[in-house]
Amino acid sequence: MGVAQALLVPEPQDRAGGPYAQEDFPDGVKAFYDAGRLACIALDAVTGPQVFLSGFPLAGSDPEQGRQFLLDHAAEHGNCLLYTPDDSLSLTDIGVLLRSQQVGAARLTRPLFVKEEWLESEYFRDHLPLEGASG
């Protein structure tokens with residue numbers, strides 16, 4: 001099933017080519033592809049759909065609360081943690097990377113769902129969500 005099908009839309013609003021193709025969908029959803037295969041879904045902190053992990057809202061939360069939630073979740077469930085240079089935190093074994101996004105005067109959490117190979121790659125991990133990447 002493709003991303004458009006899952007979102008119940010006929011096609012993306014916008015597409016960008018390059019080495020890591022990008023499709024922008026309504027309601028703050030961006031899909032990134034590596035060699036034609038889905039590699040990352042990024043949700044906007046405000047306009048993206050809300051997703052929960054063990055009851056915690058991953059989109060649009062306070063970044064400190066998000067970070068603490070991921071630390072607690074990892075401690076309770078034995079998840080593998082990874083920090084990125086921008087102080088984002090990832091649960092690599094379940095493919096969740098929690099970035100922050102500037103929204104007006106506030107910073108809010110922005111979840112990304114990423115394939116394991118990209119989380120293991122320093123380049124991808126540090127540059128996700130690759131918006132505007134060109135070849």
*Asks:* Name the one of L97, T109, L91 that satisfies side chain to side chain contact (heavy atoms under 4.5 Å, CB included) with L70?
*Replies:* L91
*Asks:* Got a second to check how far Y33's OH is from L38's CG, nearest 0.5 Å?
*Replies:* 5.5 Å
*Asks:* For the atom pair CZ (F69) and CG (L89), what is the distance rounded to the nearest 0.5 Å?
*Replies:* 11.0 Å
*Asks:* Answer yes or no: is there a donor N or O on one side and an acceptor on the other, between the side chain of R67 and the main chain of D87, under 3.5 Å?
*Replies:*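 Side chain of R67 to backbone of D87, a donor-acceptor pair under 3.5 Å: yes, one is there.
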*Asks:* Within the 4.5 Å heavy-atom criterion, are S54 and H77 side-chain neighbours or not?
*Replies:*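 Counting from C-beta outward, S54 and H77 do come under 4.5 Å.
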*Asks:* Answer yes or no: is there a side-chain heavy-atom contact under 4.5 Å between E116 and L119?
*Replies:*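 No, their side chains stay 4.5 Å or more apart.
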*Asks:* With rounding to the nearest 0.5 Å, note down the distance linking OG in S61 to CD in Q50.
*Replies:* 6.0 Å
*Asks:* Grab the two heavy atoms, one from C40 and one from L112, that are nearest each other, plus how far apart they are.
*Replies:* SG-CD2, 3.8 Å
*Asks:* Going by heavy atoms in the side chains, are V29 and P49 under 4.5 Å from each other?
*Replies:* yes
*Asks:* To the nearest 0.5 Å, what is the distance between CZ (F32) and NZ (K115)?
*Replies:*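 It is 14.0 Å, given to the nearest 0.5 Å.
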*Asks:* For atom CD of E122, decide whether the heavy atoms of other residues, nucleotides or ligands shown that lie under 6.0 angstrom number more than 12.
*Replies:*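 It does not: E122 CD has 12 such atoms or fewer within range.
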*Asks:* Minimum heavy-atom separation for G60 to L108, with atom names?
*Replies:*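 So the minimum-distance heavy-atom pair works out to O-CD2, 3.6 Å.
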*Asks:* Checking Q101 side chain against A45 main chain: does a donor-acceptor pair fall under 3.5 Å?
*Replies:*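 Looks like yes, one N/O pair under 3.5 Å.
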*Asks:* Atom CZ of F124 and atom CD of E117: how far apart are they, to the nearest 0.5 Å?
*Replies:* 10.0 Å
*Asks:* When Ile, Leu, Val, Met, Phe, Trp and Tyr are grouped by side-chain heavy atoms lying under 4.5 Å apart, directly or through other members, which residues fall in the same group as L82?
*Replies:* none
*Asks:* Do L53 and I94 have side chains that approach each other closer than 4.5 Å (heavy atoms only, starting at C-beta)?
*Replies:*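 Heavy-atom side-chain distance check passes, below 4.5 Å.
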*Asks:* I need the T92 OG1 to L81 CG distance, nearest 0.5 Å.
*Replies:* 7.5 Å
*Asks:* Under a 3.5 Å distance rule, please check whether T47 uses its side chain to pair with a backbone N or O of D27 as donor and acceptor.
*Replies:*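 Such a contact is absent between T47 side chain and D27 backbone.
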*Asks:* Does any part of the side chain of L58, heavy atoms only, come nearer than 4.5 Å to the side chain of F52, both counted from C-beta?
*Replies:*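 No - every pair of side-chain heavy atoms lies 4.5 Å or more apart.
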*Asks:* Quick one: does R110's side chain have a donor or acceptor within less than 3.5 Å of a partner on L98's backbone?
*Replies:*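 No: the side chain of R110 does not pair with the backbone of L98.
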